[in-house]
Amino acid sequence: MTAVGGGSVFISYAGPDRVWAEWVAWHLHDAGHRVVLDVWDWSAGDNFVARMDEALNSATAVVALFSRHYFDDSRWTREEWSSVVARRERLVPLVIEPLDDTDVPALLAPLIRRNLHGLDEQQARGALLDAVAGARGPRARPAFPGAPASPPPGVPGHRPTLPVPGGGQGLPSPGTSRAPGAGPSSGASGASGAEAPLFSSPEERTQARDLAKAPRRPDTA
């Protein structure tokens, strides 16, 4: 198993918070990190100070469980977090109970903290693993927050159909004729199969020719 950066993760906690410490250590271990927790890894007769110094020196990250007990001056936790800060190593602060700003020492106040309290177990596990893993950038493409663009005023969204004098759905190109049987037909013309006239008068023919020659806007071309 590996930890962040190839080292181990040391769990720094106060004695009364052991239940939290074991929960944190177990989930980190389950996620593949190499974890050092005193009640799991240190035996009776071990030199406590030497083992703590060894654990801090080999740790890539130190997870500190912030609570009022953790900042009690009578506990060894002060030596643990101050050693990490002095050596400018990575401290991962996890808050396991509500704290006021005055509860956190000034040296630790600027550190970004993640709350585990007030979450259900799955949320707390996710917050724990994210905090230890560190910044990883976006995990998915964000959705576009803007609205779809609308056409400018006066610009149609599609090409309009030009009217054809005498009926029909479009204006034929110059030099072409309507296919036999196309367009509306009725009466004797339909019965005999003769092609219906395209224009009913010379005036309509002239009007259609003028429309075909008129310049068109680029967006309707």
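If you read the sequence from its start, that first residue is 1, and numbering goes on from there.
- In the hydrophobic cluster analysis, where Ile, Leu, Val, Met, Phe, Trp and Tyr join through side-chain heavy atoms closer than 4.5 angstrom, V63 is grouped together with W26.
- At least one donor-acceptor pair under 3.5 Å links the side chain of S82 to the backbone N or O of E79.
- V9 has its side chain out of reach of V36: every pair of non-hydrogen atoms, C-beta onward, lies at least 4.5 Å apart.
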Subject >> Check against ring pair (Phe, Tyr, Trp, His ring centres under 6.0 Å), W23 and W20 >> reply: CA-CA 5 Å; W23 183 89; W20 269 108; 5.8 Å; yes

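- Here the side chains of H69 and Y13 are not in contact, with every heavy-atom distance at 4.5 Å or above.
- Summarising the geometry of A109 relative to V104, their closest heavy-atom pair is N-CG1, 4.0 Å, with the distance given to 0.1 Å.
- A continuous path of ILVMFWY side-chain contacts below 4.5 Å connects F10 to L111, so both sit in one hydrophobic cluster.
- Atom CG of D101 has 12 or fewer neighbouring heavy atoms from other residues, nucleotides or ligands inside a 6.0 Å radius.
- With contacts defined as side-chain heavy-atom distances shorter than 4.5 Å, the pair H33/H27 does not qualify.
- Contact between A31 and R125 at its shortest, heavy atoms only, is CB-NH2, 4.5 Å.
- Note: the hydrophobic cluster containing L119 does not contain V24 (ILVMFWY, side chain heavy atoms under 4.5 Å, direct or indirect links).
- By the rule that hydrophobic residues join a cluster once side-chain heavy atoms approach within less than 4.5 Å of another member, L99 and L107 end up as members of one cluster.
- Looking only at side-chain heavy atoms (C-beta outward), L108 and F66 come within less than 4.5 Å of each other.
- Of all the heavy atoms in R75 and G15, the pair that sits closest is NH1-N, 4.1 Å.
- Residue-environment remark: CZ (R78) stays at or below the threshold of 12 foreign heavy atoms within 6.0 Å.
- Ring geometry, W81 versus F71: the interplanar angle exceeds 60°, so the pair is classed perpendicular (tilted spans 30 to 60°).
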**OP:** For the pair E22 and R18, evaluate salt bridge (charged side-chain N to carboxylate O under 4.0 Å, His left out) and give the outcome as yes or no after the intermediate values.
**Re:** CA-CA 6 Å; E22 292 198 69; R18 174 175 172 174; 2.9 Å; yes

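- Rounding to the nearest 0.5 Å gives a distance of 10.5 Å between CG of L37 and CG of L28.
- At a threshold of 4.5 Å between side-chain heavy atoms, the hydrophobic network of Ile, Leu, Val, Met, Phe, Trp and Tyr places I112 and V95 in two separate groups.
- In this structure, R90 and A133 approach most closely via the heavy-atom pair NH2-C, 4.3 Å.
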Original post:
Between D38 and R51, is a salt bridge (charged side-chain N to carboxylate O under 4.0 Å, His left out) present by the stated rule, with each step listed?
Top reply: CA-CA 9 Å; D38 57 356; R51 292 303 302 269; over 6 Å; no

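- The distance from the OG atom of S83 to the CG atom of L56 is 5.0 Å, given to the nearest 0.5 Å.
- Judged purely by distance below 3.5 Å, without hydrogens or angles, the side chains of S12 and Y70 pair a donor atom with an acceptor atom.
- For the residue pair L116 and A124, the shortest heavy atom distance occurs at CD2-O, 3.6 Å.
- Here the closest heavy-atom approach between residue H117 and residue I96 is recorded as CB-O, 3.5 Å.
- For the atom pair CD (E80) and CG (L91), the distance works out to 10.5 Å, reported to the nearest 0.5 Å.
- Rounded to the nearest 0.5 Å, atoms CG (L65) and CD1 (I11) are 6.5 Å apart.
- Counting heavy atoms from C-beta on, the side chains of R87 and N57 come closer than 4.5 Å.
- Evaluation of the salt bridge (charged side-chain N to carboxylate O under 4.0 Å, His left out) rule for R88 yields no partner, not counting sequence neighbours.
- Between the side chains of D72 and S74, at least one donor N or O sits under 3.5 Å from an acceptor N or O.
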